[in-house]
Amino acid sequence: MNILVVNAGSSSLKSSLFLTVEGRVEATPIWQAQVDFTYKPGEALIQTRRRGGGWEPFPSTSPEGGIGQLAPLFQSLWQGEGSLLAEVAEINGVGHRVVHGGSLYRQPTLITPEVERAIEQLIPLAPAHNPAALAGIRLLSQLLPGIPQVAVFDTAFHQQMPLAAALYPLPYAWAEQGIRRYGFHGINHEHCARRAAEILNRPLEELRLITCHLGNGCSLAAIRGGRSVDTTMGYTPLEGLMMGSRSGSVDPGILIHQLRQGMSVDELDRILNRESGLKGVSGLSSDMRVVLEAMEAGHVRAELAFDLFVHRLRGQIGAMLMSLDRLDALVFSGGIGENSAPVRAAACADLGFLGIQIDPVLNAGSPRNCDISTCDAPVRVLVISAQEDWAIATACQSLLQGE
Ligand code: ADP
């Protein structure tokens, strides 16, 4: 079975082709593509690579922009000399990452015209993301008619959170209008939970976990027996932790104040989403690597940005802890979580009283899918690679095989 995964964002697209061997989707794709739509005005940067090879440019063919111009990219998989597949029918299913599934979708779902309409109706909740996912679904349905397409939702994993975690203390009528906490990054939080069970060699059903997805966007989940019982993102991916350029949670009174001072809604939106977080505080960059380098060179506001990031991370880890009755493991994932030993060290510093103690040597040694806690620490600290595309392919394959 070959599963094509399409992860379409507002300004980029990633796609991978996975092979299934003996009923399991192989973790390394046989083909990958990445597209940056912001490369140059009217020109996308498209690159592909085959398993074992390096990235190679793929000609950007049309000035029309958007996902529509990627038809030749996908067709190159089964057309032309040296194509990977002999015919289009060798693709057995397509898995699409869809950021927002609202309250409706709790599972990966076979895409029908009705599901497509629902994703469209949810655009107001994810204005930057759901339109891109829809465009991807439409393009691939056109290119691969009759081949099942599956939507895997970023919100789905959190849909069974208890109401106390899912609602805001706002007028109840707002909740009835859909203003509630949805949570995001669910595909990776769920992947981390499953992988943690494998690494710890314990059944997922008995585990209590806190998973930290720390990338450009950052969120935590409290996971009890494989179910998300609380998370830090909410109605939008702006709530919760401090992020690369997003503020995370702030006093809503500040927003009222700025609006009263005459700031436009669009400007406020831009500042909270693009000019805050690490970038806003450091004044340098939303990239944690740049902040860390500047901090080492003595840049005062870079240090402040780092300290604020860690302070908020620790505060929210504490909040997640309160939704659990004990903690078996704390999991770090995402670009920062996987690669930044200083962030992990600062997040876990002096938490011995909670049973959290990491081994500095293991932490500094580029850990991947392994345990970095000291051997006698009661709570394990794991570093787990985010493999969203593989998780989507696996979900798609399970659904298509009726598991
Ligand atoms: P996205 O959320 O867009 O998928 P990623 O998960 O790739 O993003 O995470 C991007 C973040 O990871 C950036 O802040 C980047 O600086 C950070 N990052 C990547 N490598 C390192 C590293 N070696 N040390 C610290 N931060 C890193």
Side-chain angles (χ1 to χ4, degrees), residues 5-16 32 34-38 47 55 97-99 126 128-129 132-133 152 154 183-192 195 211-221 231-233 236-248 273-297 299 302-303 305-310 312-313 331-348 363-369 372 383-392:
V5 170
V6 179
N7 186 340
S10 51
S11 59
S12 67
L13 178 141
K14 290 182 204 158
S15 182
S16 309
Q32 284 172 287
Q34 55 184 23
V35 182
D36 177 0
F37 291 112
T38 60
Q47 293 175 295
W55 287 106
R97 176 182 179 210
V98 181
V99 164
H129 291 101
V152 184
D154 246 342
F184 298 87
H185 293 143
I187 297 167
N188 192 42
H189 285 301
E190 187 172 17
H191 165 72
C192 285
R195 203 73 181 82
T211 49
C212 311
H213 176 102
L214 309 177
N216 284 310
C218 301
S219 73
L220 308 181
T231 189
T232 56
M233 282 181 171
T236 71
L238 191 51
E239 191 180 344
L241 298 174
M242 173 173 169
M243 311 181 207
S245 66
R246 282 175 246 166
S247 61
N273 279 294
R274 296 179 194 273
E275 301 296 335
S276 301
L278 292 173
K279 184 179 175 192
V281 178
S282 71
L284 293 174
S285 170
S286 61
D287 190 314
M288 182 58 97
R289 281 168 295 200
V290 176
V291 171
L292 285 167
E293 269 169 33
M295 185 169 93
E296 276 158 28
H299 192 286
E303 186 172 357
F306 178 85
D307 289 348
L308 238 156
F309 183 90
V310 170
R312 298 213 151 209
L313 174 58
V331 179
F332 287 97
S333 187
I336 298 174
E338 290 164 37
N339 298 305
S340 179
V343 168
R344 290 190 301 260
C348 296
N363 184 43
S366 305
R368 276 287 172 283
N369 298 319
I372 57 166
V383 179
I384 295 181
S385 303
Q387 288 176 286
E388 280 177 331
D389 285 3
W390 177 73
I392 294 168

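We count ligands from 1, going down the list as the structure has it; atoms in each ligand are counted the same way.
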Check your understanding: Are Ile187 and His191 close enough, and set up right, to give a side-chain contact (heavy atoms from CB on, under 4.5 Å), and what steps lead you there?
Key -> CA-CA 6 Å; Ile187 297 167; His191 165 72; 5.7 Å; no
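- Between the Ser16 side chain and the Val5 main chain, no donor and acceptor come within less than 3.5 Å of each other.
- Each salt bridge (Lys or Arg N to Asp or Glu O under 4.0 Å) pair with one or both residues in residues 279-288, not counting sequence neighbours, appears once here: Glu275-Lys279, Asp287-Arg289.
- For Phe332, there are no ring pair (Phe, Tyr, Trp, His ring centres under 6.0 Å) partners two or more places apart in sequence or in a different chain.
- Near ligand 1, Gly215, Asn216, Gly217, Ser286, Asp287, Met288, Arg289, Leu292, Gly334, Gly335, Ile336, Asn339, Ser340 each place a heavy atom less than 4.0 angstrom from the ligand.
- Gln32 meets the side-chain hydrogen bond (donor to acceptor under 3.5 Å, both in side chains) test with Arg49; sequence neighbours excluded.
- Taking CG of Leu13 as the reference point, atom CD of Gln34 lies at 10.5 Å (rounded to 0.5 Å).
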